[in-house]
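Just so we're clear, the structure is a prediction, and the values are computed from it rather than from any experiment. Throughout, a chain's letter reflects where its sequence line sits, starting with A, and its residues are numbered from 1.
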Protein chains: 2
Amino acid sequence: MVTLTDIKDKLTEANLKITHQRLVIYEALLKCMNHPTAEYIYDKIKEDNPSVSLGTVHKTLDKFVEVDLAKKVLSTDHLKRFDANISKHNHIYLENSKEIIDYHDEELQQIILDYLKKKKLNNIKIKDVQLQINADKIDKKLSVSIK
Amino acid sequence: MVTLTDIKDKLTEANLKITHQRLVIYEALLKCMNHPTAEYIYDKIKEDNPSVSLGTVHKTLDKFVEVDLAKKVLSTDHLKRFDANISKHNHIYLENSKEIIDYHDEELQQIILDYLKKKKLNNIKIKDVQLQINADKIDKKLSVSIK
DNA sequence: CTCGCTGCAAACAGTTTGCATCCGC
DNA sequence: GCGGATGCAAACTGTTTGCAGCGAG
């Protein structure tokens with residue numbers, strides 16, 4: 001688990017000042033498991049912090065990515081999505097429900113990396129791999145009514 | 001390989017009229033191996049077809065996705081990218097050069113699918129998987145000057 | 001002839017930028 | 001007090017929408 005002190009340390013380490021906004025934004029990002037956009041985060045925090053501006057949320061999230069406190073998530077819409085979980089993991093794109101959920105699987109990651117290592121791709125230095133699993137959510141109640 | 005007749009058939013099959021614009025746009029999409037945006041396609045075709053409008057390119061590409069003539073490609077920028085190659089394949093995201101290139105590997109696809117089948121993920125019906133390989137391009141000339 | 005497709009332009013949404021002010025260190 | 005961070009608003013970029021006219025079937 002990431003603690004407040006961890007975040008503060010990370011920020012300091014990256015020569016970033018510790019500000020209220022950054023802590024609030026990071027906290028919100030950690031809580032959101034849905035790979036939020038800047039706007040989503042903004043909506044979440046503005047109840048308790050009305051003074052935080054949308055522009056700052058954008059700038060802050062970009063900074064977090066720069067400093068490895070967050071990652072950008074791939075998406076097919078034209079929105080920038082973020083993820084506080086920087087550990088290696090995969091994403092399941094549920095097409096019917098439009099959700100993007102995490103799928104952790106160390107073993108699978110290793111299998112893929114080992115396979116690619118054997119292949120020796122030329123002129124490319126692999127940094128990490130991420131699996132995109134496209135699927136449909138099976139809703140038990142729903143599946144009855146759909147033929 | 002996809003021929004002109006194939007496209008026409010596909011269009012007819014989906015109850016779409018065969019228009020000059022659609023053929024031109026599809027041809028351009030096939031030629032672009034870089035997973036182009038609507039704007040990129042627009043630039044490519046407007047030399048020979050000055051009358052085609054950007055709005056139409058957007059609408060047409062969306063239609064193609066609807067009809068399975070094209071696929072949306074995931075990206076971290078906030079752009080919609082398309083791909084005429086609807087066969088199952090993986091993408092290598094070259095972070096330093098901002099390119100997205102294809103990586104075909106039937107064997108790897110199979111390994112992953114087999115692995116996931118064994119896992120039996122609940123409440124999810126997997127449609128396909130796609131590997132995102134994040135990497136840096138190694139430019140021989142460049143690597144000398146960078147320490 | 002009809003209905004779907006296109007071109008155009010205006011509207012929209014999300015992101016970025018510039019700058020004066022603020023505040024962590 | 002200095003320099004980076006913030007808030008605000010305006011500018012930008014890419015996408016979507018609405019509608020009149022066009023053209024494939």
- Query: Reckon A:Asp62 touches a base, only the sugar-phosphate, or nothing at all at heavy-atom distances under 4.0 Å?
  - Reply: sugar-phosphate
- Task: Select one nucleotide: of C:dG7, C:dG14, D:dT6, the one nearest the side-chain heavy atoms of B:Gln21.
- Result: C:dG7
- Carboxylate-amine/guanidinium proximity below 4.0 Å for B:Lys127 and A:Asp136: yes
- Task: Let me know the distance between CG of B:Leu16 and C1' of D:dA24, rounded to the nearest Å.
- Result: 13 Å
- Message: Measuring from the side chain of B:Leu54 (C-beta onward, heavy atoms only), which nucleotide among D:dT15, C:dT15, D:dG7 has the closest atom?
- Response: D:dT15
- Item | Rounded interatomic separation in angstrom, taking CG from A:Asp77 and P from D:dT16 | 10 Å
- Item | Residue closer to the 5' end of DNA chain D, B:Ala38 versus A:Val57 (nearest nucleotide) | A:Val57
- Item | Selection from C:dT16, D:dT6, C:dG14 that lies nearest to any side-chain heavy atom of A:Lys80 | C:dT16
- Assess the side chains of B:Thr3 and B:Asp6: does a donor N or O sit below 3.5 Å from an acceptor N or O? yes
- Note on the structure: Of the listed C:dT6, D:dT6, D:dG7, the closest approach to the A:Arg22 side chain comes from D:dT6
- Query: Just checking, any donor-acceptor pair under 3.5 angstrom between side chains of A:Asp105 and B:Tyr115?
  - Reply: yes
- Query: So which one's nearest nucleotide on DNA chain D is more toward 5', A:Pro50 or A:Lys63?
  - Reply: A:Lys63
- Query: Starting at NZ of A:Lys46 and ending at C1' of D:dG7, how long is that distance when rounded to a whole Å?
  - Reply: 15 Å
- Message: Does either side chain, that of B:Gln109 or that of B:Asn90, offer a donor lying less than 3.5 Å from an acceptor on the other one?
- Response: yes
- Could you state the CD1-P distance from A:Ile18 to D:dT6, rounded to the nearest angstrom? 12 Å
- Within the structure shown, what part of the strands sits under 4.0 Å from A:Ser51 by heavy-atom distance: base, sugar-phosphate, or nothing? sugar-phosphate
- When only distance counts, do a donor and an acceptor, one from the side chain of A:Lys59 and one from the base of D:dG7, lie under 3.5 Å apart? yes
- Side-chain-base donor-acceptor pair under 3.5 Å for A:Lys8 and C:dG24: no
- Task: Please determine if a side-chain N or O atom of B:Ser53 lies less than 4.0 Å away from the OP1 or OP2 oxygen of C:dG7.
- Result: yes
- Out of curiosity, A:Lys63 NZ to A:Glu66 CD, how far, rounded to the nearest 0.5 Å? 4.5 Å
- Message: Ring centroids only, cut at 6.0 angstrom: are B:Phe64 and B:Tyr26 within range, meaning strictly under it?
- Response: yes
- Query: Separation of B:Leu23 atom CG from C:dT6 atom P, in whole Å?
  - Reply: 10 Å
- Just checking B:His78: base, sugar-phosphate only, or nothing, at a heavy-atom cut-off of under 4.0 Å? sugar-phosphate
- A:Tyr42 has an atom OH; how far is it from atom C1' of D:dT6, in whole Å? 13 Å
- Consider the side chain of A:Lys17, meaning its heavy atoms from C-beta on, and name the nucleotide among D:dT6, D:dG3, C:dT6 that approaches it most closely. D:dG3
- Between D:dG18 (C1') and B:His58 (NE2): distance, integer Å: 16 Å
- Item | Atom-to-atom span, OH of A:Tyr40 to P of C:dT15 - whole angstrom | 15 Å
- So what does A:Thr19 touch, heavy atoms closer than 4.0 Å: a base, only the sugar-phosphate, or nothing? sugar-phosphate
